[in-house]
Structure formats: structure tokens, C-alpha cells
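Ligands are counted one by one from 1 in listed order, and the atoms in each one are counted from 1 as well. In this text, all values refer to a predicted model and were calculated from it rather than measured experimentally.
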Amino acid sequence: MNAPVNWKQDALEILASLRTYIELQKLQGIREFPLTAAPVRETKQVCPSRNKDALKAIREDMGDCTRCKLHASRKTIVFGTGNPDAGLVFVGEGPGYDEDMQGEPFVGKAGQLLTRIINAIKLDRSEVYIANIVKCRPPNNRDPQDDEIHACIPFLKRQIEVIQPRIICTLGRIASHALLETRESITTLRGRFHLLGSIKVMPTYHPSFLLRYPEKKRETWEDLQKVQKEYFNR
Ligand code: SF4
């Protein structure tokens, strides 16, 4: 028998996405919205993916990883989620409490905001790939330390090699520093593309930072608009 559909939850999620989209548009100075429907974007046909198997092989290589001290306090290894053939990958710093519990990146409050940001650039969460620099939760949500990043980042680099996205959006200082191998401030890094090989990398603020400093949403939206333009204008 089919599972009952949670219409109320679905409706609340749609309303939350719509509210974020309108908030972001208002930050851009848009005050009116046309009543005509936007053209429906063709959904990419999903083919069986070899990348899916390659990602699975990386996860199997990790096993019950004890390569750094974060293994001691984690509940779950949070490997990554989304489209194995994604053109756009989001990279955060590490799992928090909700992610550690559920085994999926960006599922807590910051994750819900990230989902709304993804929707605001007219993508669905299932179309992108989402991962973190370290795959186990640092105790008390502290920043991952250099030795932990050093131990874990080879897995993320292998994931990126498999997926071969055109664009990576790094969320926050830790992810931007680790992937771009720089110590420049996030304020200096954000707002322009950097190169990781041939991949364009856009650093922006972490959604949990935006929850604390909502006034930074305007700059984040500017960054994401550049990502959207790059993604859709091939
Ligand atoms: S953070 Fe990465 S390297 Fe450290 S134990 Fe977890 S999976 Fe292994």
C-alpha cells in the first residue's frame, strides 16, 4: 500500500521556499512579480550513472573510518548526497548534530536554508551534490582542525574527481580555505570565481552564519546569482 502523503508538510516546505525566494528578490530591489507563469524548464533525463558506482566505491574505501580523531565521537559518517552527475556541488565544513543523527549533510536549520537558496536559483536539491570537508561531526560543533581536514579531504577530492562538476560553491571560511588552499578571509574570497583545475569555485557565506547575520543574505544572493548565471548560460 502507498505511504500516506504528508500534504501539510509539503505545503509548508513550498511556502518556506517561496518566502525565501521573495525575500531574496526584494533584496535585489524587485517589488512586483509578473502573473504570467515562467516557462517550464526541461528536466534533465536521468540515466543510469557510472558515477554513482564510483562514489559508492569511495564510500566503501572509507569503511568505518578511523583516520582522524573525529571518529571517536561521531554517530554516522556523513558522506555526501545528491546527483552523482551534478554540474554544481556545494561544500560545507562538516556535519552538525542533525547531520550526524541522520547521516545526510545540511538537514538541520542551516540545511533548510541551503535548500531554499538552491530553490531560489531555480534548482532542486536532488539536481546538485552536497558534501563537507570533514565527514564526521566535530565535538560541540567546533571548527574542524587542520589534521582532521588533512586526513579527510582526500575523500572529498575523489568525490569531486568522479562528479566533475563545472561549479563548486564553498560555504564559509573553512570549506573555502581547505579547497582553495588559501588563508584569505571569506569577505575577500566571496563574490568572484576562483579556479580549482578547470572547475569554477564560488566561495560564499555558510547558511548557519546567515541564520546569525541575516543582513549577509544580500551578498550571498549576489554570489548565488553569479553561480546561477554560470550554471544556466553554457
Ligand atoms: S572525519 Fe574523515 S578522516 Fe576523520 S574519521 Fe571521519 S571520515 Fe575518517
Side-chain angles (χ1 to χ4, degrees), residues 49-86 88-115 125-126 128-165 167-184 186 189 194 196-197 199 201-209 211:
S49 166
R50 264 187 300 189
N51 290 356
K52 191 175 174 186
D53 293 336
L55 290 174
K56 198 172 156 205
I58 298 170
R59 178 64 189 89
E60 282 167 7
D61 285 351
M62 291 176 79
D64 193 15
C65 184
T66 56
R67 290 169 180 81
C68 84
K69 57 187 178 295
L70 291 181
H71 81 275
S73 52
R74 71 155 183 253
K75 179 176 180 289
T76 321
I77 291 178
V78 182
F79 180 68
T81 189
N83 178 4
D85 304 295
L88 173 59
V89 170
F90 288 88
V91 176
E93 62 184 62
Y97 174 82
D98 293 305
E99 291 75 19
D100 185 42
M101 287 294 164
Q102 296 182 41
E104 186 171 329
F106 285 95
V107 290
K109 275 194 175 157
Q112 288 160 19
L113 177 56
L114 177 62
T115 302
R125 198 175 150 110
S126 63
V128 303
Y129 194 85
I130 306 173
N132 281 309
I133 296 289
V134 295
K135 305 203 182 298
C136 301
R137 181 191 180 205
N140 303 315
N141 294 342
R142 67 157 168 75
D143 290 347
Q145 295 169 348
D146 286 347
D147 59 320
E148 296 155 358
I149 293 172
H150 183 73
C152 205
I153 204 168
F155 293 115
L156 175 67
K157 289 188 174 169
R158 285 177 64 190
Q159 287 170 288
I160 292 169
E161 267 173 37
V162 166
I163 298 167
Q164 293 186 20
I167 309 165
I168 295 175
C169 185
T170 49
L171 301 165
R173 172 180 57 90
I174 303 270
S176 305
H177 284 184
L179 260 196
L180 294 173
E181 297 183 3
T182 177
R183 291 283 160 180
E184 282 187 71
I186 185 68
L189 290 169
H194 304 255
L196 183 69
I199 304 171
V201 179
M202 174 64 77
T204 194
Y205 294 116
H206 193 284
S208 59
F209 178 77
L211 291 173

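- Within the sub-2.8 Å shell of atom 6 (Fe) of ligand 1, the protein contributes these N/O/S atoms: C136 SG.
- R183 and D146 are joined by a salt bridge, as a carboxylate oxygen and a charged side-chain nitrogen come within less than 4.0 angstrom of each other.
- Scanning all heavy atoms of the two residues, the minimum distance from F155 to K135 falls at CB-CE, 3.8 Å.
- Around atom NZ of K56, no more than 12 heavy atoms belonging to other residues, nucleotides or ligands sit under 6.0 Å away.
- H71 places a side-chain N or O within donor-acceptor distance of the main-chain N or O of C68, the cut-off being under 3.5 Å.
- In terms of modelled atom types and a separation under 3.5 Å, the side chain of Q159 and the main chain of L55 share no donor-acceptor contact.
- Between the side chain of H194 and the main chain of M202, no donor-acceptor pair closer than 3.5 Å is present.
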